[in-house]
Number of protein chains: 4
Amino acid sequence: MIKIDSRSSKPIYEQIIEKIKEDILKGILKPGDKLPSVRELSSMITINPNTISKAYKELERMKVIEVMRGKGTFVAQNYKPVMNEEKMNEMKEHIKKIIIEAHYIGVSKDDLIEIMNEIYKEF
Amino acid sequence: MIKIDSRSSKPIYEQIIEKIKEDILKGILKPGDKLPSVRELSSMITINPNTISKAYKELERMKVIEVMRGKGTFVAQNYKPVMNEEKMNEMKEHIKKIIIEAHYIGVSKDDLIEIMNEIYKEF
Amino acid sequence: MIKIDSRSSKPIYEQIIEKIKEDILKGILKPGDKLPSVRELSSMITINPNTISKAYKELERMKVIEVMRGKGTFVAQNYKPVMNEEKMNEMKEHIKKIIIEAHYIGVSKDDLIEIMNEIYKEF
Amino acid sequence: MIKIDSRSSKPIYEQIIEKIKEDILKGILKPGDKLPSVRELSSMITINPNTISKAYKELERMKVIEVMRGKGTFVAQNYKPVMNEEKMNEMKEHIKKIIIEAHYIGVSKDDLIEIMNEIYKEF
DNA sequence: GTGGTCTAGACCACA
DNA sequence: GTGGTCTAGACCACA
């Protein structure tokens, strides 16, 4: 189930994208599984259908989910990681930012790796 | 020197904040060092003074820099890491997001730690 | 045999129309050949009968196939190309679009003609 | 100037995308040129800003245009053709469709190449 | 002023 | 019922 945090500064459509990706990673959603339709999910979490649609479109673009005409939307059967220099640099930027932030709240390198290990255990 | 990428999706004021924090962490800027004034930096990097001002205000709020009335702006003398649950959770959220993204571009846990180590070497 | 790609953004009824036209052009289907009934084709390719029906109606309207009441549906005996300014303009629009797309994926004019020649060989 | 054909079955945002790509190809728009803002173009062609925005976002995704924070939207400085198997196959599908259509309106291979040459002259 | 997000609601093609 | 397109309009962060 998707929980939206309306207090979060993270856009709703991004929260949806991340949650679905997370659920796939955790195996809660498996390749071939049917996702709720835009309207279904919309009424389930009382978010405007356009917002759901935006999230689904983005996930489709990333080839994480696929729309089967007349059948609905499904978790992609064989997702292949799409790696390119741009995405790699983006990720490095994010990591760098975290490392800086960590330092400023007093979290050392070892602490950070420890935290990462903890989070990896969830998956 | 601060390089602004106006093509980036990251807000300019955030780029400035991050760059200054990074320079402090790397020792390029040391406690007590004088920062250029808002106007100076504004003309140096041809960015709207309001944007510079916003970055400085934010850095001041975080106690990373200090304004000495009539003298200018300086790197704080004794920065003390401010840790609280909220900031910790925020950081964990960011890490979780990175871990998910990493997976979707085909970067394994070991790769990720490797990349983190690389970035830590810069500091 | 008609293969439907339900992942495609192309509507199913259009895929059917195109495939039948293609088969006629290739000589796999010849004038006078009997086509499967709507129900037959529907169960053959597990597609909603309404969708098959829509494709057949469209092909009939184009005079590519003919319905003989009580006997079934057949490839038209003497198809006469129907040319008019509107169809011509439509085709030109499509070609223009392809030329633009080709350029943006780095396909030159010569490449494009080469590709066209290749495809013509299939027919 | 962008002319929208509201009678066309082609979505408005696609018409905008194609027109801008066409103008760049023809040299009417050059790398670095500023595009009208979403609101400007919106009032120029009396189309809802959301629709313009959708077209711009798509063009940005394709790296045909780029948004410079606080400065506006510009034709990308150095567009690099993005080629991949998927796009190639898509183009081939389109060409195949045109070849079939051409045949059914009585346009021969030579005619088709002739028409293509004509259109290439516009660019 | 600039684009980004979100809602509400309408209409349509497709299956 | 399903997603796609479009409009109108609000609110916000950023520069």
Side-chain angles (χ1 to χ4, degrees), chain A residues 4 6 8-16 34-43 46-58 60 65-74, chain B residues 4 6 8-17 42 45-55 58, chain C residues 4 6 8-17 42 45-55 58, chain D residues 4 6 8-16 34-43 46-58 60 65-74:
Chain A
I4 297 304
S6 41
S8 165
S9 66
K10 198 184 286 178
I12 297 174
Y13 80 92
E14 266 189 37
Q15 293 185 43
I16 297 172
K34 192 174 189 305
L35 294 174
S37 79
V38 169
R39 281 166 170 84
E40 272 166 15
L41 186 51
S42 165
S43 64
T46 47
I47 293 293
N48 189 289
N50 287 335
T51 305
I52 312 285
S53 190
K54 185 171 182 179
Y56 274 23
K57 280 254 188 66
E58 187 65 25
E60 202 190 342
I65 66 177
E66 45 194 20
V67 176
M68 310 284 274
R69 299 205 70 116
K71 288 177 188 160
T73 304
F74 301 81
Chain B
I4 297 301
S6 35
S8 166
S9 65
K10 196 182 289 180
I12 294 176
Y13 82 92
E14 267 189 34
Q15 294 184 43
I16 297 171
I17 290 173
S42 165
I45 61 180
T46 51
I47 291 295
N48 191 307
N50 293 329
T51 307
I52 313 282
S53 188
K54 181 167 184 179
E58 186 77 358
Chain C
I4 297 302
S6 35
S8 166
S9 64
K10 197 183 286 178
I12 295 177
Y13 83 92
E14 266 189 37
Q15 293 185 43
I16 298 171
I17 291 173
S42 166
I45 62 180
T46 50
I47 291 295
N48 192 307
N50 293 329
T51 308
I52 314 282
S53 188
K54 180 166 184 180
E58 185 78 0
Chain D
I4 297 303
S6 42
S8 166
S9 65
K10 196 183 288 176
I12 297 174
Y13 79 93
E14 267 190 34
Q15 294 185 41
I16 297 172
K34 192 175 191 303
L35 293 174
S37 80
V38 168
R39 281 167 171 84
E40 272 167 15
L41 186 51
S42 166
S43 64
T46 50
I47 293 293
N48 188 290
N50 287 334
T51 306
I52 312 285
S53 189
K54 186 171 181 179
Y56 274 22
K57 279 255 188 68
E58 187 66 26
E60 201 188 344
I65 66 177
E66 43 192 22
V67 176
M68 309 282 276
R69 298 206 70 116
K71 288 179 188 160
T73 304
F74 300 82

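Within every chain, numbering begins at 1; the chains are lettered A, B, ... in the order of the sequence lines, protein sequences first and strands thereafter. Quantities reported herein were computed from a predicted structural model and do not represent experimental measurements.
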key: Donor-acceptor pair, side chain of Ser43(D) and main chain of Glu40(D), under 3.5 angstrom   = yes
Separation of atom [atom1] in [X] from atom [atom2] in [N], rounded to whole Å:
| X | N | atom1 | atom2 | value |
| --- | --- | --- | --- | --- |
| Ile16(C) | dA15(E) | CD1 | P | 8 Å |
| Leu41(A) | dC6(E) | CG | P | 14 Å |
| Lys34(D) | dG1(E) | NZ | P | 13 Å |
| Asn48(D) | dG3(E) | CG | P | 14 Å |
| Phe74(D) | dG3(E) | CZ | P | 10 Å |
| Ile17(B) | dA13(F) | CD1 | C1' | 13 Å |
| Lys57(A) | dT5(E) | NZ | C1' | 15 Å |
| Lys10(B) | dA15(F) | NZ | P | 13 Å |

Nearest to the side chain of [X], heavy atoms from C-beta on, is which of [options]?
| X | options | value |
| --- | --- | --- |
| Val38(D) | dC14(F), dT5(E), dG3(E) | dG3(E) |
| Ser37(A) | dT2(F), dT7(F), dT2(E) | dT2(F) |
| Ile47(D) | dT7(E), dG4(F), dT7(F) | dT7(F) |
| Arg69(D) | dT2(F), dT5(F), dA15(F) | dA15(F) |
| Ile12(B) | dA15(F), dT5(F), dC6(E) | dA15(F) |
| Thr51(D) | dT7(E), dT7(F), dG4(E) | dT7(F) |
| Thr73(D) | dT7(F), dG3(E), dA15(F) | dG3(E) |
| Asn50(A) | dG4(E), dG9(E), dC14(F) | dG9(E) |

query = Pick the nucleotide of DNA chain F nearest each of Arg39(A) and Lys71(D); which residue has the one closer to the 5' end?
reply = Arg39(A)
query = Lys71(A): what forms a salt bridge (charged side-chain N to carboxylate O under 4.0 Å, His left out) with it, not counting sequence neighbours?
reply = none
Measuring to OP1 and OP2 of [N], would you say a side-chain N or O of [X] lies under 4.0 angstrom away?
| X | N | result |
| --- | --- | --- |
| Tyr56(D) | dG3(E) | no |
| Lys54(D) | dT5(F) | yes |
| Tyr13(D) | dC6(F) | no |

So, taking the atom named [atom1] in [X] and the one named [atom2] in [Y], what distance separates them when rounded to the nearest 0.5 Å?
| X | Y | atom1 | atom2 | answer |
| --- | --- | --- | --- | --- |
| Ile4(B) | Ile45(B) | CD1 | CD1 | 4.5 Å |
| Leu41(A) | Ile47(A) | CG | CD1 | 9.0 Å |
| Ile52(A) | Thr73(A) | CD1 | OG1 | 11.5 Å |
| Lys54(B) | Ile16(B) | NZ | CD1 | 11.0 Å |

inquiry  = I'd like to check the side chain to side chain donor-acceptor pair (under 3.5 Å) partners of Lys10(C); sequence neighbours left out, ordered by chain and number.
reply    = Glu18(C)
remark   = Stems with DNA chain E, 3 or more Watson-Crick or G-U pairs in a row (under 3.5 Å), are E:1-14 with F:1-14
query = Do Ser8(B) and Arg69(D) have side chains that get closer than 4.5 Å, going by heavy atoms?
reply = no
task = Give Glu40(A) one of three labels, base, sugar-phosphate or nothing, depending on what nucleic acid heavy atoms sit under 4.0 Å from its own.
result = sugar-phosphate
